[in-house]
Student: 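I'd like to ask you about the structure that follows.
We use all heavy atoms of the structure for the numbers below, so side chains are in, but hydrogens, waters and symmetry mates are not. Since the structure is predicted, the reported quantities are computational estimates derived from the model, not experimental observations.
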Amino acid sequence: MNPRPASVSARPVDDYRDSIEQLLRPLAARPLEHVSVPEALGRQLAEDLRSPVDLPVFRNSAMDGYAVRAASVVVAPVTLRVAGVVAAGNAGQTPLPPGAAIKVMTGAPIPPGADCVVPVEDVRAGDGTVTIERGRSAGEFVREAGTDVRTGDLLVPAGTTLEPRHIAALAAVGLPSVPVFHQVRAAVITTGDELVPAGSTLRPGQIYNSNGIALAAALAANGVGVVSVAHSTDDPAEFRELLAEATGSADVVFTSGGVSKGDFEVVKDVLGPLGGVFGSVAMQPGGPQGLTVVDGVPVLSFPGNPVSTMVSFEVFARPMLRALAGLPHVDSYELPLRNEVARSPHGKRQFLRGKLIRATHGDRPALHRHPEAVEVVSGPGSHLVAGMAWADVLIDIPAEVTSLPAGAVVRVWSL
């Protein structure tokens, strides 16, 4: 693993993010493993996959209808004897007799001798006969073997992050398992005597523990396997025990809380003597930060206020974790402000929560309309977690900017 990171005291945001990415980048050298196709969703393919079969596997009907020889229906209308029925799943090896038709279902094999299918809606069925109203061409509604993919053709290239459409193709060619890169594993530890799990009755001074659930969700949404989510009180012995379990099972550990300048900063108190570096990053929210390497495992320590925790994850960890998972990079873009930013702290890069205002174009659904502006939602406070639920983006206010009028162009990052 990389050497101990440099001091984080009052560091610029980009500089600190570079330090985190330096610690996480070695995780790209991961071994491959084989997982079942249903379990491969969201995983990064480690090798090229080639089709072991033709698709379609055999010549089959694209419609419910009647398999005929096109030459038999050149002069239409014509009435043919129905010589049998072939359902999907049947072998369909009975040859088509001359001057006859065989009824076939969608996906059923085309009988030997037939070269087109007449859909049921285009015929008149009689007692053991069928009348074809117009002439047909060879190949109509016939799916030839291998027209989708041939045996040995590249099906999905290495490096692809498998989505439902890939899973469908893998299943269709009969692959039971696929080689994928070992998924980055993360453990989460929240800290603080005041935190209690959801469903508990709050006593005076207590709050619900949202950070553990939120961090686990953010990790999973960005291609990371969450191996554990634990909570520690402010007891150093308890935190040490949970930390040992986390570093023993995870590639990276995230902690929240206990990194500031108070009297009960359990994370800083335990990790500081282990080489952890704690200090401030020039940002709001999320200023207090810590980095440690414990037994070769990076430990990223975020502040405990809920919005600070989530903004820290978005700014510092999400970009590299997505790259490791093979997920698309989240690009920033510019939009005008719908409302003003009256005050932003000088010398600190502020990340406000914003809601996209989308242009209206007829009856198109709102989510498919182009955003025309961004509106600041809630306040800048690091405790306003419910307000963050209304946000689509983070609004990135540079450190040297102290206020912005409505209409000013700002850079935003999708959440």
Side-chain angles (χ1 to χ4, degrees), residues 8 10-18 20-21 210-211 214-215 217-219 221-222 254 256 280-289 300 302-323 327-360 366-415:
V8 298
R11 292 175 67 177
V13 170
D14 290 342
D15 182 49
Y16 187 61
R17 181 168 52 225
D18 288 345
I20 289 179
E21 292 186 351
S210 64
N211 287 343
L215 274 174
L219 288 162
N222 289 281
F254 291 84
S256 75
S280 295
V281 176
M283 65 184 290
Q284 185 188 68
Q289 297 286 334
L300 280 57
F302 297 152
N305 278 314
V307 176
S308 295
T309 294
M310 294 310 298
V311 169
S312 296
F313 176 86
E314 294 286 336
V315 173
F316 297 128
R318 186 186 184 202
M320 177 55 73
L321 292 175
R322 289 183 66 84
L327 296 174
H329 178 70
V330 178
D331 292 323
S332 64
Y333 53 98
E334 292 183 336
L335 285 174
L337 276 171
R338 172 62 64 89
N339 48 0
E340 70 170 349
V341 174
R343 184 170 60 181
S344 187
H346 182 265
K348 291 185 178 181
R349 191 166 163 184
Q350 188 173 45
F351 293 93
L352 296 172
R353 279 67 72 197
K355 185 173 181 60
L356 297 177
I357 308 300
R358 298 184 181 273
T360 56
L367 289 178
H368 297 286
R369 298 171 188 159
H370 180 71
E372 64 176 10
V374 62
E375 182 177 46
V376 178
V377 296
S378 188
S382 57
H383 64 294
L384 300 172
V385 64
M388 192 167 181
W390 290 92
D392 305 304
V393 296
L394 289 180
I395 302 172
D396 189 350
I397 309 296
E400 66 275 12
V401 174
T402 57
S403 64
L404 287 169
V409 174
V410 292
R411 184 161 295 277
V412 300
W413 304 81
S414 296
L415 290 171

Student: What closest approach, in Å, do V401 and S344 show between heavy atoms, and which atom pair accounts for it?
Tutor: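 What the structure gives for the nearest pair is O-CB, 3.5 Å.
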Student: So that I can tick it off, tell me whether E375 and K355 are bridged by a salt bridge, with the cut-off set at under 4.0 angstrom between side-chain N and carboxylate O.
Tutor: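 So K355 does not pair with E375 through a salt bridge.
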Student: Between the side chains of S378 and R353, is a donor N or O closer than 3.5 angstrom to an acceptor N or O?
Tutor: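 No, because no side-chain N or O of S378 sits under 3.5 Å from a partner of the opposite role on R353.
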Student: Looking only at non-hydrogen atoms, find the nearest pair between P405 and L337 and report the distance.
Tutor: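 In terms of heavy atoms, the two residues are closest at O-CD1, 4.0 Å.
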Student: Please lay out, stage by stage, how Y16 and V281 fare under the test side chain to side chain contact (heavy atoms under 4.5 Å, CB included).
Tutor: CA-CA 7 Å; Y16 187 61; V281 176; 3.6 Å; yes
Student: Hey, what do you get for CG (L321) to CD (E21), rounding to the nearest 0.5 Å?
Tutor: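 Result: 9.5 Å between the selected atoms.
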Student: Please determine if R349 and D14 form a salt bridge, counting it only when a charged side-chain N lies under 4.0 Å from a carboxylate O.
Tutor: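 Counted as a salt bridge, because a side-chain N and a carboxylate O are separated by less than 4.0 Å.
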Student: Do you know the tightest heavy-atom contact between E314 and P319?
Tutor: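 Closest approach of E314 to P319, heavy atoms only: O-CD, 3.6 Å.
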Student: Do D392 and L415 touch side chain to side chain, with heavy atoms closer than 4.5 Å?
Tutor: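 D392 vs L415: side chains apart.
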Student: Please confirm whether the backbone N or O of V412 pairs with a side-chain atom of D396, one donor and one acceptor, at under 3.5 Å?
Tutor: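 No, because the side chain of D396 does not come within donor-acceptor range (under 3.5 Å) of the backbone of V412.
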Student: What residues, two or more places apart in sequence or in another chain, satisfy ring-ring contact (aromatic ring centres under 6.0 Å, His included) together with F351?
Tutor: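 Applying ring-ring contact (aromatic ring centres under 6.0 Å, His included) to F351 gives none.
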Student: Going by the angle between their ring planes, with limits at 30° and 60°, are F302 and F254 parallel, tilted or perpendicular?
Tutor: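 Taking F254 first and then F302, their aromatic rings sit tilted (interplane angle of 30° to 60°).
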Student: Is there a donor-acceptor contact under 3.5 Å from the side chain of R17 to the main chain of V315?
Tutor: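 Yes: the side chain of R17 pairs with the backbone of V315.
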Student: Would the number of heavy atoms belonging to other residues, nucleotides or ligands and lying under 6.0 Å from CZ of R322 be above 12?
Tutor: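 Check passes, neighbour count above 12.
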Student: Has the side chain of S312 got a donor or acceptor atom that lies under 3.5 Å from a matching backbone atom of S308?
Tutor: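 Indeed, once roles are kept as given, a pair shorter than 3.5 Å links the two residues.
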Student: Nearest heavy-atom pair of E400 and H346: which atoms, and what distance?
Tutor: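 Where E400 meets H346 most closely, the heavy atoms are O-CD2, 4.2 Å.
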Student: Please give me the minimum heavy-atom distance between Y333 and V393, naming the atom from each residue.
Tutor: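 Of all heavy-atom pairs spanning Y333 and V393, the closest is OH-CG1, 3.8 Å.
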Student: If you look at every heavy atom in L300 and A317, which pair is closest and at what distance?
Tutor: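 For L300 and A317, the tightest heavy-atom pair comes out as CD2-CB, 4.3 Å.
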Student: Using only atom types and a distance under 3.5 Å, with no angle test, would you say the side chain of N211 pairs donor to acceptor with the backbone of G304?
Tutor: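 Yes.
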Student: Working to the nearest 0.5 angstrom, can you tell me the gap between R358 CZ and E372 CD?
Tutor: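 The CD atom of E372 is 10.5 Å from CZ of R358, to the nearest 0.5 Å.
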Student: Please check this pair: side chain of D15 against backbone of R11, looking for a donor-acceptor N/O pair closer than 3.5 Å.
Tutor: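 Not a single qualifying donor-acceptor pair exists.
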Student: Any donor and acceptor pair, going by atom type alone, linking the side chain of S256 with main-chain N or O of P303 inside 3.5 Å?
Tutor: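 The answer is no, because no donor-acceptor pair under 3.5 Å joins these two groups.
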